[in-house]
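All chains are named by letter (A, B, ...) in the order of the sequence lines, taking the proteins before the strands, and each is independently numbered beginning at 1. The analysis underlying the following values was restricted to heavy atoms, covering all of them including side chains, and did not include hydrogens, waters or symmetry mates.
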Number of protein chains: 2
Amino acid sequence: MEITVDIESATPMFSQLVMQIKQAVQHGKVAPGDPLPSIRQLANDLEMNNKTVAKAYRLLERDSVIQTKGYRGTFIHPDAMANCTVDLNAWVTKQLRETIATFRKAGVTDSEIRIAFADVLNQPQGG
Amino acid sequence: MEITVDIESATPMFSQLVMQIKQAVQHGKVAPGDPLPSIRQLANDLEMNNKTVAKAYRLLERDSVIQTKGYRGTFIHPDAMANCTVDLNAWVTKQLRETIATFRKAGVTDSEIRIAFADVLNQPQGG
DNA sequence: ATATGTACCGTATGTCCTAATGGTACAACT
DNA sequence: AGTTGTACCATTAGGACATACGGTACATAT
């Protein structure tokens, strides 16, 4: 699996990693159970920070596209193929689009929406 | 109706105006049909910019707490009493709270929620 | 020892938004 | 002429945030 990152690109590096790994899964270039390079290894190869790679891996694991097994390394998730077609962000965007449309129709200012949004998001959790 | 503004306060000046005028309505200090000082007049009295007062008036009119009649001036709305108890912002906050709670339960990062939110809000309109 | 993922501290840069300011101008009316 | 609300141009200061970086440390395994 070849991974490249374009520093000049407008899309964040961690995002490029996520997309490329998902594509590799979808194109069958990697199979469930296949090992991925370690965070430090990949960061070293691509000449980027560990944290950036770790962030990409964290997101991929949340989406159940990869599986980290602690000291044993990281592997492609058994259901990777199915899970990487599920776009969580697209779903979030769709939901927000509907919600915000309702607000706007009610005459709520974008500024007010932003403020309310910030208030809610900055609450301890569970909100 | 006495209106004061605290420049030092953390709450924006336009917001202070909105709250004070709503309170004056609720406390019966002003009645429907009563005239409000003109935007320029109030801005001059409180030593603040026209735009800031205009912003407060605009929000108050959207909430049907006041009524602007163009060159004739601005007046307390007939249904001001009822309308100023309707808190549009509280409704927005409640809706957002529920929506965001759903996202979080699905494992969506706050950061991702913010990005999706910004994307949706920064679209031409109607979205 | 070496490697794994992970967690914490922090810094720097750039972007976006808010709030508030200033000036100019308009149509409509007194 | 003067006033009304409103619209456009603009700037300033401040905050919040994303991205990416650096260093250090941990338990767990080989």
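- Scanning all heavy atoms of the two residues, the minimum distance from A:Leu36 to A:Ile76 falls at CD1-CD1, 3.3 Å.
- The side chain of B:Thr68 contributes no N or O atom lying less than 4.0 Å from OP1 or OP2 of D:dT4.
- Phosphate contact (OP1/OP2 of C:dC17, side-chain N/O of A:Arg114, threshold under 4.0 Å): present.
- Contact annotation: A:Ser111 side-chain N/O to C:dC17 OP1/OP2 distance is not under 4.0 Å.
- Nearest nucleotide to the B:Asn49 side chain, out of C:dT21, D:dC21, D:dA18: C:dT21.
- Side-chain proximity of A:Tyr71 to D:dA29, D:dA20, D:dA18: nearest is D:dA29.
- Between the C1' atom of C:dC17 and the CG atom of A:Leu121 lies a distance of 15 Å, rounded to the nearest Å.
- Taking atom CG on A:Asn122 and atom P on D:dA18, their separation rounds to 10 Å, with Å as the unit.
- Between the side chain of A:Lys51 and the base of D:dG22 there is at least one donor-acceptor pair of N/O atoms closer than 3.5 Å.
- Taking every side-chain heavy atom of A:Lys55 into account, D:dT19 is the closest of D:dT19, C:dT6, C:dG5.
- Rounded to an integer number of Å, the gap from B:Ile66 CD1 to D:dG5 P is 9 Å.
- Looking at B:Arg58, its side chain has no donor and acceptor atom pair within 3.5 Å of the base of D:dG5.
- OP1 and OP2 of D:dA20 both lie 4.0 Å or more from every side-chain N or O belonging to A:Thr52.
- Note: CG (A:Leu42) to P (C:dG5) measures 10 Å, nearest angstrom.
- A donor-acceptor contact under 3.5 Å links the side chain of B:Arg40 to the base of D:dT6.
- The phosphate of D:dT3 has neither OP1 nor OP2 within less than 4.0 Å of any side-chain N or O from B:Ser38.
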